[in-house]
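Written below as structure tokens is the structure these notes are about.
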Amino acid sequence: MRLLSQAVKFAVTHPEKSRRHFWGWLNAVFNKVDYERIKAVGPDRAAAEWLLRCGAKVRFQDFDRWHHDYNALPTGSLGRYKIQAIDATESCIMYKGFDYLDGLKHLEEIKFNKCIYIEDACLERLTSIENLQESLYMMEVVSCGNVTDKGIIALHKLRNLEYLFLSDLPGIKDRQTTVDRLQTALPRLEIQLDLD
């Protein structure tokens, strides 16, 4: 009982910190991987559910519009809908949930804009997925404050990456070396920078 009263007292005297902790905990719950669900509905459907639950949007192959409503995901036979693009703008996706990306074979484009939980480990994990090394050709990383040179350099494993937009990344300290390493590894890569 004493512990509970101390927690309540802390929450009352530090409302901003307790709210932040609660949302961090809830976001971690949203990112917990359900491997049984992946088996039951397939990797694309399970990944779409995870992404939408976390506030991201997905676009499926042969669709022009983005899906952002969890309850309006298309239904149909297992494996019918393949994720082609992810827009994770202001979403709460984090490293913990990246196992959902393992089975995606048709993902061509991903945008990480203002994603507070995206960090170097996320980009390293993304680039370790063999399917994505082949399929991803367009990427944006914007206003993700936990991304450093190390995370951007890891993108060199995305062999078919053709376009990369980087903006507002204060963790990038050695811009020229980072860009040079990417260009050397991926000569076809067009890099657009707005890091000043």
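Here the structure is a predicted model, which is why all the values come from computation and not from measurement.
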- Output for pair (Leu51 CG, Asp87 CG), nearest 0.5 Å, gives 10.5 Å
- Message: Is there a side chain to side chain contact (heavy atoms under 4.5 Å, CB included) between Val147 and Glu119? Walk through the geometry before answering.
- Response: CA-CA 5 Å; Val147 172; Glu119 56 193 0; 5.6 Å; no
- Query: Under a 4.5 Å cut-off applied to non-hydrogen side-chain atoms, are Arg188 and Asn160 in contact?
  - Reply: yes
- Taking the side chain as every heavy atom from C-beta outward, state whether Lys57 and Ile86 have any atom pair closer than 4.5 Å. no
- Looking only at heavy atoms, the pair that brings Glu109 and Leu107 closest together is O-CD1, 3.4 Å
- Could you walk me through whether Leu169 and Cys144 pass side chain to side chain contact (heavy atoms under 4.5 Å, CB included), step by step? CA-CA 6 Å; Leu169 299 171; Cys144 297; 4.2 Å; yes
- Quick one: closest heavy-atom pair of Cys54 and Ile93, and the distance? CB-CG2, 3.7 Å
Contacts under 3.5 angstrom, residues 76-83 side chains, donor-acceptor by atom type, not counting sequence neighbours:
unit_1, atom_1, unit_2, atom_2, d
Tyr81, OH, Thr75, O, 3.4
Lys82, NZ, Gly79, O, 3.1

- Query: Mind checking who shares a hydrophobic cluster with Tyr163, ILVMFWY linked at side-chain heavy-atom distances under 4.5 Å?
  - Reply: Tyr137, Met138, Val142, Phe165
- Message: Please check this pair: side chain of Arg45 against backbone of Pro74, looking for a donor-acceptor N/O pair closer than 3.5 Å.
- Response: yes
- Query: Does a donor on one side chain sit under 3.5 Å from an acceptor on the other, for Gln61 and Gln84?
  - Reply: no
- Does the side chain of Ser143 come within less than 4.5 Å of Ser167's, by heavy atoms? no
- Task: Would you name the heavy atoms of Phe112 and Leu123 that are closest together and state the gap between them?
- Result: CE1-CD2, 3.8 Å
- Query: Is the backbone of Cys115 close enough, under 3.5 Å, to the side chain of Glu90 for a donor and an acceptor to pair up by distance?
  - Reply: no
- Query: Same cluster or not: are Tyr95 and Ile38 linked, directly or through other Ile, Leu, Val, Met, Phe, Trp or Tyr residues, by side-chain heavy atoms under 4.5 angstrom apart?
  - Reply: no
- Query: Between CZ of Phe98 and OG of Ser128, what distance do you get to the nearest 0.5 Å?
  - Reply: 10.0 Å
- Message: Would you compute the distance between atom CG of Leu101 and atom CD1 of Ile129 and round it to the nearest 0.5 angstrom?
- Response: 5.0 Å
- Query: Can you name the nearest heavy-atom pair linking Trp66 to Ala85, along with the distance?
  - Reply: CH2-CB, 3.5 Å
- Parallel, tilted or perpendicular for Phe63 and His67, by the 30°/60° rule? perpendicular
- Message: I want to check something: taking the side chain as every heavy atom from C-beta on, are Tyr100 and Asp44 in contact at a cut-off of under 4.5 Å?
- Response: no
- Task: First locate atom CG of Leu193, then atom CZ of Arg175, and finally report the distance between them rounded to the nearest 0.5 Å.
- Result: 6.0 Å
- State, with a plain yes or no, whether a side-chain heavy atom of Leu132 is found less than 4.5 Å away from one of Ile110. no
- Message: To the closest 0.5 Å, what do you measure between CD (Glu162) and CD (Glu108)?
- Response: 9.5 Å
- Item | Tyr117 to Cys92 - nearest heavy-atom pair and separation | CD1-O, 3.7 Å
- Message: Using 0.5 Å steps for rounding, measure from the CZ atom of Arg181 to the CG atom of Asp174.
- Response: 9.5 Å
- Query: Should Glu190 and Leu164 count as side-chain neighbours, where that means a heavy-atom distance under 4.5 Å?
  - Reply: no
- Show the numbers, then the answer: is there a side chain to side chain contact (heavy atoms under 4.5 Å, CB included) between Leu166 and Val179? CA-CA 10 Å; Leu166 304 173; Val179 169; 5.6 Å; no
- Side chain proximity check, Arg125 to Asp102, heavy atoms < 4.5 angstrom: yes
- Item | Verdict with reasoning, Arg53 to Glu49, per salt bridge (Lys or Arg N to Asp or Glu O under 4.0 Å) | CA-CA 6 Å; Arg53 190 170 52 242; Glu49 291 174 357; 5.1 Å; no
- Would you list the pairs meeting side chain to side chain donor-acceptor pair (under 3.5 Å) in which at least one residue belongs to residues 145-159, sequence neighbours left out? Asp120-Thr148, Gln133-Arg159, Glu134-Arg159, Asp149-Thr178
- Task: Indicate yes or no: at least one non-hydrogen side-chain atom of Leu104 is less than 4.5 angstrom from one of Asn131.
- Result: no
- Message: For a quick test of reading the model, state the closest non-hydrogen atom pair linking Leu155 to Leu186 and the distance between them.
- Response: O-CD1, 3.8 Å
- Item | Worked check of side chain to side chain contact (heavy atoms under 4.5 Å, CB included) between Leu158 and Met139 | CA-CA 10 Å; Leu158 300 174; Met139 189 168 191; 4.1 Å; yes
